[in-house]
Engineer: 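Have a look at this one before I ask anything.
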Amino acid sequence: LNQLEMGEYGSTPLGKMSTGQQRRCLLARALVHQPKTLILDEPTAGLDMTGAASYLSAIRDLAAGHHNIVVVTHHIHEIPPEVSRVVLLRNGTVAADGDKESLLTSKVLSELYGVNLRVVQSSGFFLAHPE
């Protein structure tokens, strides 16, 4: 709990916590077992910008601490800079698999989603917006 800045909430019932606090608490629970790999499905869904930034910071710390991180998301801005490989799915089928820099491009994502997108990179994060 302390590692995820949740020490002060150790006796707080889960139902009384904010969504962001609940997510960090559940992550702390998973870390008790010292997993080498964490699988995160839409990790920041429902979080405000502060909660999302805090959660992504914790994930980045775990990746730097040699945890394997698998992020399932529709939002490429959730992919921490430490993640190097991406697998793009379309209709349940692998559309592309490779390094992040070659796949998170305007051309590739526009073709994947069927909409014109512009992808920009900032501080190791990728962002996509409509053209």
Engineer: Please check this pair: side chain of His67 against backbone of Leu62, looking for a donor-acceptor N/O pair closer than 3.5 Å.
Structural biologist: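 Side chain of His67 to backbone of Leu62: a pair is present.
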Engineer: With a 4.5 Å heavy-atom cut-off, do Ile59 and Ile69 have their side chains touching?
Structural biologist: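 The answer is yes; the side chains approach within 4.5 Å.
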Engineer: Would you be so kind as to tabulate the donor-acceptor pairs closer than 3.5 Å made by side chains of residues 41-52, with sequence neighbours excluded?
Structural biologist:
residue, atom, partner, partner atom, Å
Glu42, OE2, His74, N, 3.4
Glu42, OE2, His74, ND1, 2.7
Thr44, OG1, Glu78, OE2, 2.2
Asp48, OD1, Thr50, N, 3.2
Asp48, OD1, Gly51, N, 2.6

Engineer: Within a radius of less than 6.0 Å around NE2 of His66, do more than 12 heavy atoms belonging to other residues, nucleotides or ligands occur?
Structural biologist: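 No, the 6.0 Å shell around NE2 holds no more than 12 heavy atoms from other groups.
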Engineer: Ignoring hydrogens and angles, write down the donor-acceptor pairs under 3.5 Å from the side chains of residues 108-115, residues two or more places apart or on other chains.
Structural biologist:
residue, atom, partner, partner atom, Å
Ser110, OG, Ser106, O, 2.7
Ser110, OG, Val115, O, 3.3
Ser110, OG, Leu117, N, 2.8
Ser110, OG, Leu117, O, 3.3
Glu111, OE2, Lys107, NZ, 2.9

Engineer: Hydrophobic clustering (ILVMFWY, side-chain heavy atoms < 4.5 Å, transitive) - are Val71 and Leu56 grouped together?
Structural biologist: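 No, Leu56 does not connect to Val71 through the hydrophobic network.
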Engineer: Are Leu88 and Val119 grouped together when hydrophobic residues (ILVMFWY) are joined by side-chain heavy atoms under 4.5 angstrom apart?
Structural biologist: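 They do share one cluster, since a chain of ILVMFWY contacts under 4.5 Å joins Leu88 to Val119.
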Engineer: Going by heavy atoms in the side chains, are Ile76 and Val86 under 4.5 Å from each other?
Structural biologist: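 Result no, sub-4.5 Å side-chain heavy-atom pair not found.
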Engineer: Please check if atom CD in Glu131 has more than 12 non-hydrogen atoms from other residues, nucleotides or ligands closer than 6.0 Å.
Structural biologist: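 Enclosed.
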Engineer: Under a 3.5 Å distance rule, please check whether Thr73 uses its side chain to pair with a backbone N or O of His75 as donor and acceptor.
Structural biologist: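 Yes.
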Engineer: Rounded to the nearest 0.5 Å, how far apart are CZ of Phe125 and NE2 of His77?
Structural biologist: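 Here the rounded value is 9.5 Å.
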Engineer: Would a distance-only check, ignoring hydrogens and angles, find a side-chain to backbone donor-acceptor pair under 3.5 Å from Lys100 to Val83?
Structural biologist: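 Such a contact is found between Lys100 side chain and Val83 backbone.
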Engineer: Can you list the other members of the hydrophobic cluster that holds Ile39, where links are side-chain heavy atoms under 4.5 angstrom apart?
Structural biologist: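 ILVMFWY cluster around Ile39 also holds Val70.
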Engineer: Would you call Arg85 and Asp99 a salt bridge, using N to O less than 4.0 angstrom?
Structural biologist: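 Not counted as a salt bridge, because no side-chain N and carboxylate O are separated by less than 4.0 Å.
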Engineer: In the structure I gave you, are the side-chain heavy atoms of Val87 and Leu103 within less than 4.5 Å of one another anywhere?
Structural biologist: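 They are not in contact (no side-chain heavy atoms under 4.5 Å apart), so the answer is no.
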